[in-house]
Structures are given as C-alpha cells and as structure tokens.
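What you are looking at is a predicted structure, and each value in this text was computed from that prediction instead of being measured. To find a chain, count down the sequence lines: A is the first, B the second, and so on, and within it residues start at 1.
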There are 2 protein chains.
Amino acid sequence: MQDKTSMASRQSRGKKLVDPVFSILAKAKEAAAEYGEEKVVNATIGSIQDDDGHLATLDKVTELVRSFAPERIMSYAPIKGIAGFEEAALNFTFGSSRPEGHLAAIATPGGTGAIRQVIYNYADDNSNVLIPDWHWGPYKVIAKEFGRKIDMYSIFTEDFKFNLVEFKKKVTANLKQQDNLVIIFNTPAHNPTGFTISTAEWEGILTILREAAEDKSKNIITLLDIAYIDYAGEFEEVRKFFTLFGGLPENILVTVASSMSKSFLAYGMRCGALIGLSSSKEVVDEFVDVSAYSSRANWSNVNHLPQELLVELYNNESMLADVYSEREGFRKLVEQRGQLFLTEARESGLEICPYYAGFFIAIPCDNPEAVVERLQQEKIFAVPLNKGIRLAVCSIPTAQMPGLAAKIKESLTD
Amino acid sequence: MQDKTSMASRQSRGKKLVDPVFSILAKAKEAAAEYGEEKVVNATIGSIQDDDGHLATLDKVTELVRSFAPERIMSYAPIKGIAGFEEAALNFTFGSSRPEGHLAAIATPGGTGAIRQVIYNYADDNSNVLIPDWHWGPYKVIAKEFGRKIDMYSIFTEDFKFNLVEFKKKVTANLKQQDNLVIIFNTPAHNPTGFTISTAEWEGILTILREAAEDKSKNIITLLDIAYIDYAGEFEEVRKFFTLFGGLPENILVTVASSMSKSFLAYGMRCGALIGLSSSKEVVDEFVDVSAYSSRANWSNVNHLPQELLVELYNNESMLADVYSEREGFRKLVEQRGQLFLTEARESGLEICPYYAGFFIAIPCDNPEAVVERLQQEKIFAVPLNKGIRLAVCSIPTAQMPGLAAKIKESLTD
C-alpha cells in the first residue's frame with residue numbers, strides 16, 4: 001500500500017506480519033488430509049505433541065485450573081502480579097541458584113510480553129539490539145515494531161562453540177555508536193538450535209561485558225530468554241549458570257524472560273515473568289517503574305488464572321512433584337526423539353547445529369527455502385530460517401524419526 | 001531519578017505509574033479492618049460486587065471455563081484470534097445494528113490492548129489524541145507510553161448535554177496542525193460519569209467529522225470504547241447508534257474496543273476485541289495488518305480460554321440466555337444503587353454529572369483531592385479526578401447508598 005492511501009501513523013505504515021510457520025503448517029495439514037497423517041512429517045509445531053499427535057498437557061495443571069473459585073480467576077490481578085507471584089516466579093526461575101543482587105519480578109503475557117518490555121524500555125529508538133545469527137524470528141518483529149534495529153553476531157565457531165571473538169567485536173562496535181545496548185541470549189536449549197551456552201562460555205561472555213562496562217557512560221542490558229530451560233536437563237543443574245550474574249557492575253542490568261508456556265505446557269494462557277537483577281537498588285527500582293508503566297499502557301494486567309496456578313504450585317510441594325513427574329515424561333519423550341535424530345544424523349553424515357536439548361533442531365544449509373520445498377515433495381514439512389532449516393522435534397511422533405535425517409541429508413545435495 | 005543514573009532508553013526515562021485508585025483502596029481496606037466493613041463505604045472498586053461485598057461472577061461462565069478440554073485452552077491461539085472469534089466478537093459488539101462497510105475484528109488482551117493498538121498505530125508520534133475532559137485516566141498513560149500527547153475538549157454544556165461546539169473547535173484546531181487525529185469516545189455508560197451520547201448527539205458529531213474529512217489529506221480515526229455497553233440498557237436498544245457509522249468517507253476509520261471484562265464479568269481473563277470499520281477495503285486490510293503485527297510484537301497471542309468461551313456462547317443460544325439472565329440481575333442491582341443515589345442527590349441538591357447508567361457516578365467539584373480527604377473522615381472512600389470525584393456504584397452495597405449523597409453534599413461545602 002502506498003503512503004497516500006495509508007491511514008496508519010508514520011511509524012506503523014507498511015507493517016505486515018509474514019509468518020512462515022503458519023503457511024507451511026497449512027500445507028502440512030493439507031497433505032495430512034490428502035495422504036493420511038502417518039504419511040506426513042509435520043516438523044513445524046513449536047509445542048510438545050505426544051506420539052499420537054495430540055497436544056501434551058499436564059493433568060494436575062488442568063485439575064488446578066478447574067478448581068479455582070471464580071473470584072480468584074475473574075477478578076483483575078494487580079498490574080505487577082498477584083500476591084506471592086514475584087516470589088514464586090523468582091523461585092521457579094532461579095531455583096537454588098538465585099544470583100546475588102537486587103531482584104524484582106513482574107507478571108507479563110508470556111515471554112513475548114517480557115521481551116517487549118526490555119526492548120522498548122532499554123533500547124533507544126533507532127539503536128541496535130544485539131542477537132545471534134541463529135535466532136527466534138520474533139525478536140526482529142518486536143524491534144521493528146518500536147523502531148529499534150537489529151545487529152547480529154555469528155554465534156558459532158567452526159567447531160560449534162560459542163563464538164566469543166565475534167561476540168566481542170559486535171559488543172565493542174555497537175557501544176562505540178550507542179550508549180545503551182540490549183543483548184538477547186536464548187539459552188539453555190536455544191530456539192532454533194538446541195544449543196546451550198556452557199559455564200565456561202558464560203564466563204567468557206561476562207568478562208567481555210565487564211570490560212565493556214568499564215566505560216561508565218555505557219549501559220549494557222542482557223536479556224536471558226529462558227523459555228526452554230525446563231527441557232534442558234535436571235532442574236538445579238541447568239540453573240547453575242545464574243549465579244554468575246551476581247555482582248556485576250551497576251551499568252549492567254540483567255533481565256530474564258521467564259515463561260509458563262513451555263514449563264507448565266500452558267502456552268495459551270499467556271503468562272510469564274520479567275525479572276530484573278542489578279547490583280544497584282536504584283536500577284532495579286527504575287526497572288520496576290518503567291516495566292509496570294509499560295504493562296499498564298499495553299495490556300493493563302496479566303491473565304489472573306495462571307498467576308494463581310504458579311503461586312499454588314509454589315506453595316504445594318506434593319502437587320508440584322506430580323506436575324514435575326508428568327513433565328519429566330514429556331521431557332524424556334522429546335529427548336528420545338532428539339537423540340534418535342542425532343544418532344542417524346551422525347550415521348548419514350548430516351551436519352547439524354549443536355543440539356544439547358530442547359524443542360528444536362537446526363540444520364545449516366544454503367538456500368533453505370529450496371531445501372524446504374524439496375522436503376515437501378517427501379511430505380516433510382520444516383521451517384526455513386536464514387541460515388538453515390528448523391525441525392520441531394517436540395512435535396514429531398517418535399515413530400516418524402527413523403529415516404528422517406537421511407532424507408534431509410539427501411535433500412541438501414539434490 | 002536523574003538521567004545520569006537511569007539505565008532506561010531515552011523515551012522511557014522517568015516513567016512511573018501513579019495509581020490513585022490503588023492507594024485509596026488500600027486506605028479503605030485499612031479502615032474496614034479497623035472499624036468493620038459495614039462502617040466503611042468503599043467506592044473505589046471498578047467491578048461489580050454483590051450486596052454482601054463479593055465479586056459478582058456468572059455461574060454459567062464458570063461452568064464453561066471448567067468444561068473445556070485442556071488442549072482447547074492450553075494451546076496457542078492464532079495471533080488474530082481462534083476460528084469463529086471474529087464473527088462472535090462482531091455479533092456481541094453490534095447485535096443487529098452492524099454498520100454497513102468493511103469490517104474486521106481481532107482478539108486483544110482486554111479493552112486496554114485494543115486501545116493501545118489504535119493509539120500506537122494511528123496517532124503520529126508527538127501528535128495529539130483527542131479525549132473529553134471527563135475521561136478514563138489510562139488513556140493518558142497509554143498516550144504517554146508512546147510519545148503521543150493528549151488534547152481535551154469540555155464534554156458537557158452547562159445543561160449537561162454533549163458539547164458539540166467545544167468538540168468541533170478541538171477537532172478543527174487539531175486537524176490544522178496534524179494529519180491524523182485519533183478521537184476516543186467512551187459511551188454508552190461513560191467511565192467515569194455514566195453519560196451516554198444520544199443518537200441526535202452522534203448525528204451532530206458525525207456531521208462535524210464528515211465536514212472535517214472533506215480535506216482528503218486528513219485522516220480521522222474514531223475509537224469507540226464500549227466497555228460498559230451491556231450495563232447501559234436493553235441489548236439491541238443500546239447498540240442502535242452503531243448503524244450511524246456506516247457509509248462514512250474513506251478517510252474516517254471507525255475502530256471499536258470491545259471487552260469481555262464487564263460483559264461477561266471476566267475481568268481477569270484479559271480478552272477483548274479490536275474492531276475496524278471502513279468504507280474502504282484497503283483501509284480495513286491495512287488495519288488488520290498493522291494490528292496483527294502489533295499483537296505479535298507485544299503479547300504474541302491472546303489468552304485462549306476466553307476466546308473459546310465467546311465462541312461457545314455465540315453458538316449456544318440457551319447457554320447464552322442463562323448468562324444474559326444472570327447478568328441482567330447484576331445490571332439491575334447496579335441500576336438500583338444508581339437510582340437510589342440519583343434520587344437522594346436531587347433531594348439534597350447535590351449536582352452530579354449526567355448519569356444514565358453504568359459502573360460510575362461522578363460529582364463535579366473544586367479541589368477534588370481535598371473533598372476526597374474530607375470524605376475519608378466520614379469513612380467514605382472515593383477516587384479523585386481532575387474535575388470532581390468518582391463513585392463506583394457497581395461495588396457499593398445497596399444498604400450503604402442511603403445517606404451517601406447528603407454526606408457528599410456536606411463534604412463539598414466544608
């Protein structure tokens with residue numbers, strides 16, 4: 001549409017969401033209707049499906065949802081979250097690896113709401129937000145919505161470690177041209193690769209950030225998107241890296257986007273938390289002020305029901321144990337599918353991004369669009385990325401895993 | 001906080017939410033704890049409380065909430081809303097008074113989410129959004145979040161009709177200095193006064209807007225915030241004014257913020273719809289594009305459960321009849337309280353804003369903060385506005401209404 005016929009505000013003209021997952025999902029469903037579900041590999045859906053192709057949910061969570069008195073779910077929740085939510089969110093996020101410093105948490109509509117708050121409130125208009133070349137697409141959508149730009153670093157070295165050299169280059173270059181730099185990390189069990197930043201790599205990253213923060217006119221805001229943490233391994237083990245974030249300089253603000261979507265298989269309920277951590281009380285106070293203001297201005301308050309759910313689970317050990325035990329079954333299911341694929345990938349010589357755990361496996365390739373189209377001829381439906389393709393192992397039935405790696409390998413050399 | 005110690009982005013510095021309702025609510029609760037609930041008039045809460053002081057909810061809605069299969073509430077809803085949501089939202093919004101033209105509706109987190117979309121996507125940065133002097137405070141919070149400014153017109157003539165003269169002045173003046181003008185109306189049963197714009201007044205308003213739209217370089221975007229419509233009178237009757245919005249010039253875009261919060265007493269579930277209406281298909285297509293993009297960038301998708309609720313009720317006449325019958329009881333309860341107050345206000349010579357229906361009654365006065373404080377001495381807790389005070393008749397038990405008008409009258413002359 002030309003500007004002449006647009007009625008939108010200057011900054012909103014031309015915005016149009018392009019959702020590659022949606023269109024490929026539609027094709028997968030068409031194919032399933034035509035050839036039968038068992039003949040079609042639908043590797044697009046980013047939520048856990050059991051081996052019968054049904055959405056996985058947690059019985060105890062459903063039971064709780066149905067048990068709340070109506071006034072506990074129908075009344076407005078306070079803007080920052082209900083009583084007990086903050087403590088519950090901090091606990092589920094950090095476990096016993098709560099970093100030292102001043103902490104605050106407020107409720108958000110899922111991880112997206114938390115990410116939106118950080119980008120809007122901490123990246124200056126027209127400045128860069130730093131993300132890896134392998135990334136979750138919506139970071140770019142969010143940045144563009146607010147007139148923020150994106151800069152990327154190559155996340156992997158040639159032997160698939162975290163690329164500290166490239167990371168440092170980009171941090172330094174960006175801080176030369178802007179005062180605030182928001183840096184987004186998606187770990188552990190990174191979307192779209194399943195990569196997890198190791199403790200040693202975190203130490204390297206934090207050394208780089210400490211050095212950059214020696215210039216006190218600069219502000220560094222790290223955003224840890226931990227949406228997949230509960231599928232990355234044992235609860236306490238995968239949270240140990242958080243302690244590294246204590247005691248950072250006052251001009252490094254650490255934020256964490258925590259989500260109930262995957263952790264409680266409650267995607268549709270739209271509840272998460274945005275956490276702020278700093279050595280400075282003033283910085284955390286300001287974090288709460290600007291975040292709560294943005295909440296009031298964008299969605300007012302967050303769905304009440306999942307907040308009650310989180311607080312209830314936090315206070316009821318035996319119920320939580322049931323939830324964890326059920327979730328562990330699904331984690332293992334996804335793990336098993338991933339391991340099957342990994343083994344076959346090795347056997348067939350298919351190079352994949354470093355997959356440690358999580359919902360997705362990524363395969364680097366040239367011309368991902370063409371590869372995705374070739375795979376569709378084989379009734380395999382994957383999502384094209386900039387530098388490869390993404391398979392949602394969270395939703396592919398285990399029975400469909402054997403042979404998949406070989407077929408993908410073939411599609412690359414066609 | 002000085003800029004020097006702020007880590008926020010330039011446009012977010014200094015943002016801090018001041019919520020007068022919250023602090024007064026806290027005082028009311030303290031007083032209730034000290035003197036007993038029956039001794040304290042808490043006129044702050046903007047949701048219906050029954051005469052025992054409990055949050056009113058609808059049994060049939062609760063029953064439905066508990067009946068959904070988990071995959072229907074835990075899965076992600078599509079960004080624009082689930083299948084059937086658009087038609088259901090258009091139906092609940094317009095009834096049989098659906099205006100002529102191109103229409104679209106997308107799901108939003110409550111009315112706030114819808115209002116945010118319109119202000120962000122249609123008002124230019126640093127331009128004015130036009131609202132009445134008696135208004136819902138968060139319009140200003142939303143505008144400020146995005147660097148939009150607020151201009152106000154005096155909504156009432158001296159005899160408490162809609163002030164077409166003042167309205168026209170402000171429309172003309174603003175369109176001289178900017179190309180896009182977002183104008184927000186809160187009607188029927190306006191928050192905070194209970195005023196409803198009449199058909200004749202709407203005709204006058206639309207004549208002014210049609211004239212202003214003769215300059216084709218200008219765009220007018222009306223936003224109808226109808227949060228309280230279902231407490232304004234009979235379903236079809238209160239919706240008749242919508243037909244006036246058909247056939248407007250292509251450079252007038254009509255948007256409607258529709259909310260389930262009050263209509264289904266489901267405040268905490270955060271679901272509403274943003275509706276666009278235009279004579280031009282292109283304008284509505286762009287409306288959907290920019291709105292969906294903003295949804296993806298701010299909250300991704302809307303709570304799934306209330307969307308299922310709305311579609312279910314739309315498709316189940318007998319269930320809907322039960323919901324409506326229960327809601328009618330609460331509507332009458334609020335009406336009865338309002339009428340009691342109105343009668344006593346007349347008797348005691350207390351001048352109030354024109355209250356037709358709805359959750360709130362407003363009393364114009366000088367120095368509202370002082371009046372509110374004097375009332376607190378009488379254990380009456382009301383909310384101060386710019387030009388008066390607000391009483392939430394939706395939440396004051398009927399037994400507490402007698403004598404209230406006289407006490408307020410007294411507090412004005414102290």
Side-chain angles (χ1 to χ4, degrees), chain A residues 1 5-12 15-17 47 54-55 57 62 66 70-71 73-77 79 109-110 112-113 116 120-125 138 141-142 145 180 219 221 251 253 265-270 282-283 286 289-290 292-294 296-305, chain B residues 1 5-12 15-17 47 54-55 57 62 66 70-71 73-77 79 109-110 112-113 116 120-125 138 141-142 145 180 219 221 251 253 265-270 282-283 286 289-290 292-294 296-305:
Chain A
M1 184 179 288
T5 59
S6 170
M7 285 191 68
S9 62
R10 281 187 294 269
Q11 77 195 87
S12 291
K15 282 196 305 194
K16 194 176 164 70
L17 194 64
S47 42
H54 297 125
L55 183 82
T57 60
T62 303
R66 292 177 175 165
E71 57 272 25
I73 60 177
M74 294 303 184
S75 53
Y76 288 116
I79 286 166
T112 300
R116 176 247 174 261
Y120 189 69
N121 286 325
Y122 287 95
D124 278 317
D125 189 28
V141 175
I142 299 170
E145 167 84 352
N180 271 26
N219 296 316
I221 300 92
N251 55 337
L253 167 64
L265 302 180
Y267 321 88
M269 296 218 149
R270 315 308 303 134
E282 285 70 28
V283 167
E286 182 190 48
D289 282 344
V290 299
Y293 191 99
S294 284
R296 183 69 192 92
N298 284 286
W299 49 71
S300 186
N301 47 86
V302 173
N303 187 12
H304 194 156
L305 196 161
Chain B
M1 184 177 294
T5 58
S6 169
M7 285 193 68
S9 62
R10 280 189 293 269
Q11 74 194 88
S12 292
K15 282 195 306 194
K16 193 176 164 69
L17 196 63
S47 42
H54 297 125
L55 183 81
T57 59
T62 303
R66 292 176 175 166
E71 56 271 25
I73 60 176
M74 294 303 183
S75 54
Y76 288 117
I79 286 167
T112 300
R116 176 247 174 261
Y120 189 69
N121 285 325
Y122 287 96
D124 279 317
D125 189 28
V141 175
I142 299 170
E145 166 83 352
N180 271 26
N219 297 315
I221 300 92
N251 55 336
L253 167 64
L265 302 179
Y267 321 87
M269 295 219 151
R270 315 308 302 135
E282 285 70 29
V283 167
E286 182 190 49
D289 283 343
V290 298
Y293 191 100
S294 284
R296 184 68 192 91
N298 284 285
W299 48 74
S300 186
N301 46 85
V302 172
N303 187 11
H304 195 156
L305 196 161

Which bit of [X] comes within less than 4.5 Å of chain A, counting heavy atoms only: side chain, backbone, both or neither?
X: B:I73; value: both
X: B:D124; value: both
X: B:A8; value: both
X: B:R66; value: both

>> Is it the case that the side chains of B:Q11 and A:Y120 hold a donor-acceptor pair, with the cut-off being a distance below 3.5 Å and no angle test?
In response: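 Judged by distance alone, the side chains do pair up.
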
Practice prompt. Please report the closest heavy-atom contact between B:P70 and A:T62, naming both atoms and the distance.
Written response: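 Heavy-atom minimum between the residues: CB-OG1, 3.4 Å.
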
Taking all atoms of both residues into account, what is the closest heavy-atom pair of B:L305 and A:M269, and its distance?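 Nearest heavy atoms, B:L305 then A:M269: CD1-CE, 4.3 Å.
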
Inter-residue atom distance [X].[atom1] - [Y].[atom2], 0.5 Å rounding:
X: A:Y293; Y: B:L17; atom1: OH; atom2: CG; value: 7.0 Å
X: B:N219; Y: A:M7; atom1: CG; atom2: CE; value: 4.0 Å
X: B:S12; Y: A:E286; atom1: OG; atom2: CD; value: 8.5 Å

(Q) Are A:K15 and B:S294 packed together at the side-chain level, in the sense that at least one heavy-atom pair is separated by less than 4.5 angstrom? (A)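 A:K15 vs B:S294: side chains touch.
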
**OP:** Apply the test side chain to side chain donor-acceptor pair (under 3.5 Å) to residues B:R270 and A:N303: give CA-CA distance (whole Å), side-chain angles for both, the deciding distance (0.1 Å), then the verdict.
**Re:** CA-CA 6 Å; B:R270 315 308 302 135; A:N303 187 12; over 6 Å; no

Which residue out of A:H304, A:R10, A:E71 racks up the most heavy-atom pairs below 4.5 Å with chain B?
->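 If we count pairs closer than 4.5 Å to chain B, A:R10 comes out on top.
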
Would you mind telling me which of A:G113, A:S75, A:G110, A:P109 has the largest number of heavy-atom pairs within less than 4.5 Å of chain B?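 If we count pairs closer than 4.5 Å to chain B, A:S75 comes out on top.
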
B:T57: which residues meet the side chain to side chain donor-acceptor pair (under 3.5 Å) condition with it, sequence neighbours left out?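 For B:T57 there are no side chain to side chain donor-acceptor pair (under 3.5 Å) partners, ignoring immediate neighbours.
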
*asked:* Run the ring-ring contact (aromatic ring centres under 6.0 Å, His included) test against A:Y267 and tell me which residues pass, sequence neighbours left out.
replied: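 A:Y267 satisfies ring-ring contact (aromatic ring centres under 6.0 Å, His included) with B:Y76 once adjacent residues are dropped.
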
If you count heavy-atom pairs under 4.5 Å between each of B:I221, B:D125, B:N180, B:I79 and chain A, which one has the most?
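Option with the top pair count is B:N180.
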
